[in-house]
Amino acid sequence: MTKEIILSGMRPTGRLHLGNYLGAMKNWIAMQDDYNCYFEIADWHALMSDYGDPGSVTRNSRDMLCVWLAVGLDPEKCVIFRQSDVPEHLELFFIFSTITPLGWLERCPTYKEALVNNDKKDIRNYAFLGYPSLQAADIALYRADKVPVGKDQLPHLELTREVIRRFNHLYNTDVMTEPGEVLTKVQKLKGTDGRKMSKSYGNTIYLTEEKASLKKKVNKMVTDPARIRVDDKGHPEVCSVFSYQKIFNQNEAEKINNECKSGTIGCVKCKKKLLNNLNDFIQPIREKYLYYKENTKKVNKILEDGNRRAKKTASENLKLFRKEMNYG
Ligand code: TRP
Ligand code: SF4
């Protein structure tokens, strides 16, 4: 039986944190064996907002790749590639641009939100409007059956299906595959201050966090404000430390839950337990990450190999699409 094709991607916009891992990479890793997977460093998408500092996109792409490898994406099992190294993406993006009505893009909820929240980066440029169109090209180019994404990406997936349907309809073909979404099971992780995890709030923990700064961050985490003395009865359900225990210290979470409620564990001890468990999780990732950061040649080879495999599929499919368009 041939494996189904999966494509997903991530924009290289900065250091990856625990939320990125739980929201995406963890699920990607779980799919490597059962699907024919393509994982894309979506650097053209990043450039749409980070055009003021293209060098940062290059650096972040490299860095993200090292983290992907460190957490366990395996280039023997999946194709890891960089979007801008496979120019076929731009070619299909252009073809899609000709058949995407402006209204679809202007009405896209993620676009409308970005226009409102553009406090730091000015994204009112020509390319950014076409963001979902490029994403549709990413997906169609590999004839992906499924796309694992978070809920925030559903409007883009819907638009992808619409563009693909329009292509197939206009050129009277079924060459393009309408992809389904895999709404991945995501363990939601709040920021260390209990608010939504976001780099702009400074409440994230990085996947490659140094031990010393990890310690500082855990110590600063917001606990149940009603607990003043060690033996006060606590409410773990409102405590951000506890929400992390549930994910990174599963074995002890139930016990901590009871002890907190009965006032038999103090927050200092509780945080110490979390710190140890988080560090056990992060340390091997950090070590592998540093290994890849130092082994430039090895990483170059992995990327070149991934790019080559991606390009092979992409160029074959693009030829097929142009043939169906009767556009030689
Ligand atoms: N827009 C996606 C995000 O921000 C990243 C992305 C780019 C993507 N191309 C993709 C995701 C193709 C899935 C499929 O998360
Ligand atoms: Fe939070 Fe742990 Fe303190 Fe309870 S004991 S309030 S779970 S840090």
Side-chain angles (χ1 to χ4, degrees), residues 5-14 16 19-20 23-25 27-28 37-49 64 81-84 86 89 92-93 108 110-111 113-114 128 130-142 144-157 159-161 179-184 186 192 194 218-246 249 252-275 310:
I5 299 167
I6 288 252
L7 180 130
S8 199
M10 204 182 270
R11 286 176 309 143
T13 50
L16 297 180
N20 298 128
M25 285 120 80
N27 296 305
W28 295 1
C37 293
Y38 292 87
F39 297 120
E40 169 193 73
I41 302 169
D43 62 332
W44 285 128
H45 277 110
L47 198 66
M48 290 174 181
S49 53
M64 190 163 87
F81 69 99
R82 188 172 73 159
Q83 192 180 35
S84 70
V86 185
H89 286 254
L92 187 57
F93 168 58
C108 185
T110 52
Y111 182 67
E113 263 164 49
F128 190 81
Y131 186 117
S133 220
L134 178 59
Q135 188 164 343
D138 294 345
I139 295 165
L141 201 47
Y142 299 87
D145 299 295
K146 290 196 175 120
V147 182
V149 283
K151 270 215 273 314
D152 63 308
Q153 292 295 312
L154 286 183
H156 294 163
L157 215 64
L159 206 135
T160 297
R161 285 191 284 259
E181 67 254 11
V182 191
L183 266 185
T184 36
V186 174
T192 50
V218 171
N219 284 340
K220 272 209 310 228
M221 279 177 87
V222 178
T223 61
D224 173 6
R227 277 197 100 186
I228 295 157
R229 287 189 316 241
V230 229
D231 55 355
D232 283 341
K233 290 188 171 41
H235 308 84
E237 65 283 359
V238 303
C239 172
S240 57
V241 177
F242 187 69
S243 70
Y244 279 67
Q245 301 276 26
K246 279 194 289 191
N249 188 8
E252 277 188 306
E254 188 51 39
K255 184 162 167 266
I256 292 170
N257 182 37
N258 295 331
E259 289 178 348
C260 176
K261 281 182 178 156
S262 60
T264 52
I265 184 174
C267 294
V268 174
K269 185 171 171 199
C270 185
K271 282 183 171 178
K272 199 167 214 163
K273 283 178 187 286
L274 179 64
L275 175 63

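Because only heavy atoms are used, hydrogens play no part in the values below, and waters and symmetry mates are left out as well, while side chains stay in. Whatever order the structure lists them in is the order used to number ligands and atoms, beginning at 1.
Here the protein heavy atom with the shortest distance to atom 1 (N) of ligand 1 is Tyr131 OH, 2.7 Å. Nearest protein heavy-atom contact of atom 8 (C) of ligand 1 is Gln135 NE2, 3.5 Å. For atom 9 (N) of ligand 1, the nearest non-hydrogen atom of the protein is Asp138 OD2, 2.8 Å. When only non-hydrogen protein atoms are considered, atom 5 (C) of ligand 1 lies nearest to Gly9 O, 3.5 Å. With respect to atom 5 (S) of ligand 2, the closest heavy atom belonging to the protein is Arg227 NH1, 2.9 Å.
Put simply, the side chain of Pro236 does not reach to within 4.5 Å of the side chain of Ile256, judged on heavy atoms. Side-chain contact check for Asp138 versus His45: some heavy-atom pair is nearer than 4.5 Å. Here the side chains of Trp28 and Pro148 are in contact, with some heavy-atom distance below 4.5 Å. The shortest side-chain heavy-atom distance between Tyr131 and His156 falls under the 4.5 Å cut-off. In this structure, the side chains of Cys270 and Gln245 come closer than 4.5 Å at one or more pairs of heavy atoms.
The set of protein atoms (N, O or S) found at less than 2.8 Å from atom 2 (Fe) of ligand 2 reads Cys270 SG, by chain and number.
Below 4.0 Å from some heavy atom of His45 lie the following atoms of ligand 1, by number and element: 7 (C), 9 (N). Short contacts between ligand 1 and Glu40, defined as distances under 4.0 Å to a heavy atom of the residue, involve ligand atoms 7 (C), 9 (N), 10 (C). Of all atoms in ligand 1, numbered sequentially from 1 with element shown, those under 4.0 Å from a heavy atom of Arg11 are 4 (O). When each atom of ligand 1 is checked for a heavy atom of Val147 under 4.0 Å away, the hits are 13 (C), 14 (C). Here is the list of ligand 1 atoms found below 4.0 Å of a heavy atom in Ala42: 7 (C).
Evaluated by nearest non-hydrogen atom to atom 14 (C) of ligand 1, the leading choice among Leu7, Leu141, Val149 is Leu7.
At under 3.5 Å, not a single nitrogen or oxygen of Ser8, backbone or side chain, sits near a nitrogen or oxygen of ligand 1. Considering backbone and side-chain atoms together, Asp152 places no N or O closer than 3.5 Å to any N or O of ligand 1.
A tilted orientation is assigned to the rings of His89 and Phe81, their planes being inclined by 30° to 60°.
The proximity of Gln153 to ligand 1, defined as any non-hydrogen pair under 4.0 Å, is limited to the side chain.
Among residues at least two apart or in separate chains, salt bridge (Lys or Arg N to Asp or Glu O under 4.0 Å) pairs with a member in residues 257-271 are Lys255-Glu259.
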